[in-house]
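The structure appears below as structure tokens.
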Amino acid sequence: PKTKQWWKEAVVYQIYPRSFKDSNGDGIGDLRGIIEKLDYLQELGVDVVWLSPVYKSPNDDNGYDISDYQDIMDEFGTLADWDELLHQMHARGMKLVMDLVVNHTSDEHHWFIESRKSKDNPYRDYYIWRPGKDGKEPNNWQSFFSGSAWQYDEATGEYYLHLFSKKQPDLNWENEKVREEIFNMMTWWLDRGIDGFRMDVINLLSKVEGLPDAPVTNLDDRYQWGGQYFVNGPKLMDYLREMKEKVLSKYDIMTVGETPMVTTDDAIRFTNEQDGVMNMLFQFEHMDVDTKPGSSLGKWDIQPWKLTDLKKIMSKWQVELHGKGWNSLYLENHDQPRSVSRFGDDKMYRVESAKMLATWLHMMQGTPYIYQGQEIGMTNVAFPSIEYYRDVETINLWNDVVVNKGYDPDKILKAIHYRGRDNARTPMQWDATKHAGFTTGTPWIDVNPNYCDINVEQAMKDENSVFHYYKKLIRLRKEHPIIVYGSYELLLEDDEQIYAYVRKFNDEQLLVITNFSSEQPTFILPAHITFTEKQLLISNYAVDENESIDTIVLKPYEARVYKLK
Ligand code: ISL
Ligand code: CA
């Protein structure tokens, strides 16, 4: 259970290609743009790049709606560009993990174009078709992106299931031909030399027989949350075991499942090294710490979060997976707002709090993920009106609740400012020139207006920048096995300002002290932590190395890591 694995020791960097770097002036990031920036990623020191989807797509959901799994999106380049990217990455000792989106395809995938033609088309059963019930949808399930999860199709007079947008029909995994096609496609990419997969909503593949109506929990809507009928469904493990046996087990790769709504027990089932089906996963509990439970608005009903709640969640995952499974560590991705705006202070203490959050996350057990721009402390954006937004989830929400149901537009715009996915999708801020050096043309989504202050060029020049701090954190992980393999113990359980914990490995201890507030709380070292030698590994303020750590008055958003013996 404590085996050494390269993917436990790695740091992953996520690229959202559309927003990373545009090489040809059309306003859309592309593969050549990524190639231009590989030296930058090497300088940062990351081992693995996870590329959000680059496959052919009509871009209803920016590539998470795939129309051809074995070709590259026109806007992003060609397969030859992709081969060059892989080659250039491998030449720099970096690995490439591709996004695997197989819960659904685009409605423009040729399987679906065939499938919708007639009830006896050979591809009909590749998707989930049902007749209506009493002139309405086959059941009351709600889509993740608002409205019904069913779309009526004229040609055959039936409905198809789409858990996400109506341009993302769900594949029918019960059909073994579908599984075979997907496994062949995965093998094709692996044989081209990729180093793993990030598996999009992989725990939604299996739907409960009969697709029953969901219980009515939201009186505000005709459509209801049906998660119990498709999250970790009855045949999920069969499908994933088959995938492992026929494909994954044949390669030395890493796999990370995106698995909303999993418990630690599920995570151990999925990731244990004896008979697990993936190396690690993304759980979402900490991403819900600021969501009002049971609200009809779901993730858009925001509540202030409490540090003690975050402690309970993170500590549970740290302790329960130790030696039994493996987790990913993340605070950001292309679906989440910027962490410095959410958990830190993106104004006065932006740099300090970005470093603090990085310390807090990177010193835990698990494989850390850095989302593009996080390493320079990029922040949320507050566009003045809905017209500026591009994300299908955000636009559908607006149409559903503001346009159709008459909610207060200001309130919803505020929620979008806090929570919208486009917070993470504004272009990467490379320098202080027009459009942040992202494009010479007009960007597909506006650049965050703070790019003159927050950008890569500035961060690389400034030795006290968030960027250089991340570089150091990544290096420390390579130098100290305790960061990867040590156990975890939470300190000061009830403190609402200080998050402190200890990692233990052989005769060493790692003491991590972080202040989540703009105040100056006093840290008191618990009496059971004893040592004879101490070494400061990293801190976000200047610290006198000889200072006693029995009692420390912490500065706003201060972070320190000591190695104790
Ligand atoms: O955005 C979300 C959370 O705040 C989720 O509801 C998200 O849609 C869910 O986690 C699934 O995400 C993945 O699949 C979607 C795609 O839109 C996301 O970008 C992707 O990460 C459908 O493919
Ligand atoms: Ca381009």
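Everything numeric in this text was worked out from a predicted model, so none of it was measured. One is the number of the first residue; the rest follow in order along the sequence. All ligand and atom numbering here is 1-based and tracks the order in the structure. Side chains included, hydrogens not; waters and symmetry mates left out as well; all remaining heavy atoms used.
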When the ring planes of Tyr388 and Phe383 are compared, do they come out parallel, tilted or perpendicular, using 30° and 60° as the limits?
-> parallel

Give the minimum heavy-atom separation between Thr426 and Met378, together with the two atoms involved.
-> OG1-CE, 4.0 Å

Could you note down all residue pairs passing side chain to side chain donor-acceptor pair (under 3.5 Å) where residues 23-35 supplies at least one of them, sequence neighbours left out?
-> Ser23-Asp30, Arg32-Asp81

Minimum heavy-atom distance between Ile128 and Leu171, given as atom pair plus value | CD1-O, 3.7 Å

Qualifying residues under ring-ring contact (aromatic ring centres under 6.0 Å, His included), relative to Trp305, sequence neighbours excluded = Phe343

Specify whether Trp173 and Tyr239 have parallel, tilted or perpendicular ring planes, treating 30° as the upper limit for parallel and 60° as the lower limit for perpendicular.
-> tilted

Which protein atoms of type N, O or S are found under 3.0 Å from the Ca ion (ligand 2)?
-> Asp22 OD1, Asn24 OD1, Asp26 OD1, Ile28 O, Asp30 OD2

Trp150 vs Trp141 aromatic rings, parallel, tilted or perpendicular, using cut-offs 30° and 60°?
-> tilted

Is the number of heavy atoms from other residues, nucleotides or ligands within 6.0 Å of NZ (Lys56) greater than 12?
-> yes

Kindly tell me which protein residues have any non-hydrogen atom under 4.0 angstrom away from an atom of ligand 1, grouped by chain and ordered by number?
-> Asp61, Tyr64, His104, Phe144, Phe145, Phe164, Gln168, Arg198, Asp200, Val201, Glu258, Phe284, Lys299, His334, Asp335, Gln336, Glu393, Arg421, Arg425

Begin from the C-alpha positions of Leu163 and Leu204 and carry the test side chain to side chain contact (heavy atoms under 4.5 Å, CB included) through to its verdict.
-> CA-CA 9 Å; Leu163 292 182; Leu204 308 188; 4.1 Å; yes

